[in-house]
Chemist: 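Attaching a single structure in structure tokens format; questions to follow.
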Number of protein chains: 2
Amino acid sequence: MRRTKAEAEETRNSILRAAERVFFEKGVSNASLDDVAKAAGVTRGAIYWHFSNKTDLFLELYNSVPMPQEDMIAREIEESGSDVLFYIERTAGDWLEEMAADEHRQRILTILLRCPYGEDLLPVLERQQEVDDRHVALLENAFTKARSEGYLNANWTAQSATKALWWMMGGLCSEWLLFGRRFDLAVEGREGLKRLFGSFRQVPSAAETLVVS
Amino acid sequence: MRRTKAEAEETRNSILRAAERVFFEKGVSNASLDDVAKAAGVTRGAIYWHFSNKTDLFLELYNSVPMPQEDMIAREIEESGSDVLFYIERTAGDWLEEMAADEHRQRILTILLRCPYGEDLLPVLERQQEVDDRHVALLENAFTKARSEGYLNANWTAQSATKALWWMMGGLCSEWLLFGRRFDLAVEGREGLKRLFGSFRQVPSAAETLVVS
DNA sequence: AATTATACAAACAGATACGTATGTTAAAAC
DNA sequence: GTTTTAACATACGTATCTGTTTGTATAATT
């Protein structure tokens, strides 16, 4: 029964959403296209009409997730006049909060973390690495600005601060996503960020003044 | 052709080592028992003789990896008289170095990170969580001792320091293992540890006292 | 020395899962 | 109004993987 173009696009989207759930629950390589089809309320025929195979479906699923606009973030960093560190901390905390609230993102990221990047979906891995590299570069720029404006503790370089933050965020999210969300991501995350950025800011002389006074 | 008991144990071990390589390369659920058998130079008959199925093989592989003796670490923490923080930093750095040198551990950990913990190998996940929880508890004890002895900066609590270190180590290793070892784990790791522990130690008043005395 | 149990290999049967080929219906195109 | 074609469903053939069964040579047992 031929559907209208809008309806077809609807089924395509429902297949993508079903693939997201099924891939998340059973793992990409463990899920069959029939699982996805049943979850979407269609048959494998519909999947093979809209996508060429499972790898293609996975790639399209990966492409369907909207990327955060890095340009905007970069511009905001430029414009964040006073305390750059405060802005970075707030952005990181907000990102955690969005992650905790958005099951869509959680599933996509979990799938990406767990997926066995063997040969066929290697382009996904490479693209993911590009995105990560750009994010790290953005962070390092921000921390460099913070250092040049005297906000960064002498103990930290822009690079080491970037990596410390990046790895902490990564470890935090990995544990939360891969090991069953056993804590409140936003609360624990913001607490950790507070401490880490406290140590970024803590310039000894000022601290001494604080303690002495 | 029946082999002697020693030879049988040898083939069992070769199957386990082959499973480690194959699971690492193709992913657990994507690897067939025939792949493992061929990699081990046997047939599936040998595998089904020594193990009951793939899940059992995976569990035995997981059990075959020797656990670091926590008791010893705990005792060393107790005995580390002077600077507990220095000991923790050194232990963490050594752990990274061992990881970088031991391809065996790398593969096992990668498999564990990527494996789709669905239903059947849930006990593995739970045991892994227990191990992690004990490690975190050990760390927190050490940091508590560090705090009570005045080595820990007022900016950090024992808990927040524990989590910061834990997440940073986790993010570091996850990125290194899952995304293709694009940097020197030991060097970058020790650098990051140096900065983080620098901020742990940096306690103005105590440092002042130390310097003055 | 004969028997038995062990350590596998080889063959077999059943279940998926994949890709394709074909069928079907209704929306477009003319 | 007829034809065409898009959007699927259904059916088919095939490869693969699994679990079991059977075969077999040799070490261990008696």
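These numbers come from a predicted model, not from an experiment.
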Chemist: Can you list everything that forms a side chain to side chain contact (heavy atoms under 4.5 Å, CB included) with A/Glu149? Sequence neighbours excluded, please.
Modeler: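 In terms of side chain to side chain contact (heavy atoms under 4.5 Å, CB included), with neighbours along the sequence ignored, A/Glu149 is linked to A/Val84, A/Lys145, A/Tyr151.
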Chemist: If the condition is side-chain hydrogen bond (donor to acceptor under 3.5 Å, both in side chains), which residues does A/Asp35 pass it with, not counting sequence neighbours?
Modeler: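 Partners of A/Asp35 by the side-chain hydrogen bond (donor to acceptor under 3.5 Å, both in side chains) criterion, ordered by chain and then number, come out as A/Lys26, A/Ser32.
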Chemist: Can you pull out how bent the helix from C/dA1-D/dT30 to C/dC30-D/dG1 is, comparing the axes over its first five and last five pairs, to 10°?
Modeler: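 Answer rounded to 10°: the end axes differ by 0°.
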Chemist: Checking B/Cys115 against B/Phe58 for the side-chain contact (heavy atoms from CB on, under 4.5 Å) test, could you report, in this order, the C-alpha distance in whole Å, the side-chain angles of both residues, the deciding distance, and whether it holds?
Modeler: CA-CA 10 Å; B/Cys115 103; B/Phe58 179 83; 4.1 Å; yes
Chemist: What is the distance, rounded to the nearest whole Å, between atom CZ of A/Arg12 and atom P of D/dA6?
Modeler: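 In whole Å, D/dA6 P lies 17 Å from A/Arg12 CZ.
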Chemist: Quick one: is D/dC8 close enough that its OP1 or OP2 comes under 4.0 Å of any side-chain N or O from A/His50?
Modeler: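 A/His50 to D/dC8 OP1/OP2: side-chain N or O found under 4.0 Å.
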Chemist: Using whole Å, what does the distance between atom C1' of nucleotide D/dT18 and atom CD1 of B/Ile47 come to?
Modeler: 12 Å
Chemist: Can a side chain N or O of B/Thr11 be found less than 4.0 Å away from OP1 or OP2 on C/dA7?
Modeler: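 Checking C/dA7 against B/Thr11, no side-chain N or O comes under 4.0 Å of OP1 or OP2.
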Chemist: Name all residues meeting the ring-ring contact (aromatic ring centres under 6.0 Å, His included) criterion together with B/Phe143; count only those two or more places apart in sequence or in a different chain, and write none if there are none.
Modeler: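 In terms of ring-ring contact (aromatic ring centres under 6.0 Å, His included), with neighbours along the sequence ignored, B/Phe143 is linked to B/Phe200.
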Chemist: Quick one: list whatever passes salt bridge (Lys or Arg N to Asp or Glu O under 4.0 Å) with B/Arg90, sequence neighbours left out.
Modeler: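 Testing B/Arg90 for salt bridge (Lys or Arg N to Asp or Glu O under 4.0 Å), a comparison that skips the adjacent residues, returns none.
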Chemist: Going 5' to 3' through nucleotides 17-30 of chain C, assign each nucleotide B (protein heavy atom under 4.0 Å from a base atom), S (under 4.0 Å only from sugar-phosphate atoms) or - (no protein heavy atom that close).
Modeler: SBBB----BBBS--
Chemist: Who passes side chain to side chain contact (heavy atoms under 4.5 Å, CB included) against B/Glu89, sequence neighbours left out?
Modeler: B/Leu193, B/Lys194, B/Phe197, B/Arg201
Chemist: Restricting to side chain to side chain contact (heavy atoms under 4.5 Å, CB included), what partner residues turn up for A/Tyr48, sequence neighbours left out?
Modeler: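 Applying side chain to side chain contact (heavy atoms under 4.5 Å, CB included) to A/Tyr48 gives A/Leu33, A/Arg44.
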Chemist: Can you tell me the distance, in whole Å, between the NZ atom of B/Lys38 and the P atom of C/dA10?
Modeler: 12 Å
Chemist: Who pairs with A/Ser52 by side chain to side chain contact (heavy atoms under 4.5 Å, CB included), at least two apart in sequence or on another chain?
Modeler: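 Once residues adjacent in sequence are excluded, the partners of A/Ser52 under the side chain to side chain contact (heavy atoms under 4.5 Å, CB included) criterion are A/Asp56.
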Chemist: Is any side-chain N or O of B/Trp49 closer than 4.0 Å to OP1 or OP2 of C/dA7?
Modeler: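 Checking C/dA7 against B/Trp49, a side-chain N or O does come within under 4.0 Å of OP1 or OP2.
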